[in-house]
Amino acid sequence: MPGSEWGTATEQRFNVNLSILFTELPLLERPAAAAAAGFTAVELWWPWVDSPTPERSELDALKKAIEDAGVQLTGLNFYAGQLPGPDRGALSIPGVESERFRANIDVAADFARSLGCKALNALYGNRVEGVEAAEQDALALENLVLAARAADRSGAILLIETLNQPESPLYPLVSAPAGVAVVDRVNEATGLGNARFLMDLYHLSMNGEDLPSVIERYAAKTGHVQIADNPGRGAPGTGTLPLEDLLGRLRKAGYEGWVGLEYKPGDRPSAAAFDWLPAEARAAR
C-alpha cells in the first residue's frame, strides 16, 4: 500500500509476470512496459498456449522484445496447455498432452538459456477421469526427470508449483508438502538436485495453510516465490495477506531468490498496479 513500509522491500528482488500483468498489451510490447514501470526482470507462462513448438520467428521476436527492453527473463513455464484456461499443465496427462510437453522441453530450455533465464516451471497437470492416479504420477515423474535434465543442461533449476484447491479442483498438488514431495522424488530420480519448490503465497493461503510454518519448513527447498493478495488475487494491499511480513520471514529463513509479482491489476491499467512498491524498490539489485 502507498505509505507502507515497503521501502524495506529493496532487500527483495522483484520480477513482473507478463502473463497476468500488462496483458492489455500485445505480448511483444509487455517487456518494454514493465521496464517503463521501473522493473528490470520479468517472467512468463508459456506464451503459445496452442503450440509447444512455435515457429523460430516467434521465439526470436519475443527474445528480441525482451533484450530490447533491457529486462532479464528470470522465469519461464514449460508448455502447460490452455493456461489461462481449463488446463493446469500437461506433463501428467497420458497421450497427446504428454507428447506435447516432451516436444516442448528442449524448445523451452533452449529459449531460457538464450536469455540467461535460470528457472523453468513445470505445471503438473490435472487428474484425468478414467486414468489411475498412480499411472499419472508415474508419467509425471518420467517427464519431470526429462525436464530436470534439460534444465540442468541450460544451467537452470526446475520448479514444481503448488496451486489451490478452490480454483484448481482437479490439480493434485494443492499443499506445500505435496509439492515438496514431488521435488524430492525428482531429485532422488535424477541425482541432480536442481528441482525446487515454487512457493506461491497466494495459492497456499487459498488452501488455508499456515504460511509462517510453510516458510520455516520449506524455504531451503524453495527456488522461486510468487505473490498476490488474498482475497481477489490483486496487488499487495488489496486483500488481507501480510505479504510484507511473509517476505521478511522468507529473507530471515535464508531465501534470496526472486519474488514474482503474479497478481491481477484489477480495473486499471497494469502500470497503475504497482503503487504499493516504491519506484526505487522495483529495479533488481
Side-chain angles (χ1 to χ4, degrees), residues 15-37 39-93 95-126 143-144 146-159 161 198 224 226 258 260-265 269-271:
N15 67 276
V16 177
N17 187 301
L18 298 181
S19 299
I20 194 169
L21 285 154
F22 295 109
T23 57
E24 65 269 29
L25 298 173
L27 175 64
L28 298 183
E29 294 178 21
R30 295 177 205 169
F39 292 93
T40 55
V42 299
E43 64 183 28
L44 282 163
W45 304 341
W46 185 249
W48 299 279
V49 295
D50 295 318
S51 178
T53 55
E55 294 292 330
R56 168 57 58 187
S57 59
E58 292 188 74
L59 291 159
D60 288 345
L62 180 56
K63 180 174 185 284
K64 184 176 188 303
I66 290 169
E67 289 174 337
D68 287 353
V71 292
Q72 174 65 46
L73 183 68
T74 57
L76 177 69
N77 282 15
F78 287 106
Y79 169 80
Q82 296 291 320
L83 182 77
D87 299 332
R88 298 290 186 272
L91 62 90
S92 67
I93 299 174
V96 172
E97 281 300 274
S98 170
E99 291 166 11
R100 286 161 75 89
F101 177 82
R102 289 191 186 193
N104 173 249
I105 289 174
D106 284 336
V107 177
D110 288 348
F111 184 76
R113 182 175 59 223
S114 76
L115 284 162
C117 172
K118 301 295 187 187
L120 288 153
N121 183 28
L123 284 164
Y124 201 82
N126 289 328
N143 283 335
L144 285 167
L146 293 173
R149 289 177 177 150
D152 184 64
R153 289 194 297 272
S154 296
I157 58 171
L158 174 72
L159 296 169
E161 182 173 8
L198 196 167
H224 187 50
Q226 290 173 332
W258 293 96
L261 307 182
E262 196 188 46
Y263 59 78
K264 298 174 183 176
S270 295

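In this text, all values refer to a predicted model and were calculated from it rather than measured experimentally.
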Practice prompt. For the pair W45 and E262, evaluate side chain to side chain donor-acceptor pair (under 3.5 Å) and give the outcome as yes or no after the intermediate values.
Written response: CA-CA 10 Å; W45 304 341; E262 196 188 46; 2.8 Å; yes

Sorted by chain and number, sequence neighbours left out, side chain to side chain contact (heavy atoms under 4.5 Å, CB included) with R113 holds for D110, S154

K118 meets the side chain to side chain contact (heavy atoms under 4.5 Å, CB included) criterion, sequence neighbours left out, with none

NE2 of H224 to CD1 of I157, rounded to nearest 0.5 Å, is 8.5 Å

**Prompt:** Is it true that E67 and K64 make a salt bridge, defined as a side-chain N closer than 4.0 Å to a carboxylate O?
**Reply:** no

Residue pairs passing the salt bridge (Lys or Arg N to Asp or Glu O under 4.0 Å) test with at least one member in residues 76-86, sequence neighbours excluded, are none

Interatomic distance, OG1@T74 vs CG@L115, rounded to 0.5 Å, equals 11.0 Å

By side chain to side chain donor-acceptor pair (under 3.5 Å), Q82 pairs with (sequence neighbours left out) D50

Query - Exam field: side chain R30 to backbone L25, donor-acceptor pair closer than 3.5 Å - result: yes

A32 meets the side chain to side chain contact (heavy atoms under 4.5 Å, CB included) criterion, sequence neighbours left out, with A69

To the nearest 0.5 Å, atom CD1 of I93 lies from atom CZ of R100 at 11.0 Å

In this structure, CG of N104 is separated from CH2 of W46 (nearest 0.5 Å) by 4.5 Å

Residues at least two apart in sequence or cross-chain that pass side chain to side chain contact (heavy atoms under 4.5 Å, CB included) with D152, listed by chain then number, are L192, N194

Rounded to the nearest 0.5 angstrom, the CG-NZ distance for L73 and K63 is 11.0 Å

Do E99 and R102 pass the salt bridge (charged side-chain N to carboxylate O under 4.0 Å, His left out) test, and can you show the C-alpha distance, the side-chain angles, and the key distance before you say yes or no?
-> CA-CA 5 Å; E99 291 166 11; R102 289 191 186 193; over 6 Å; no

Working note: Y79 + T53, criterion side-chain contact (heavy atoms from CB on, under 4.5 Å); need CA distance, chi angles, decisive distance, verdict.
CA-CA 9 Å; Y79 169 80; T53 55; over 6 Å; no

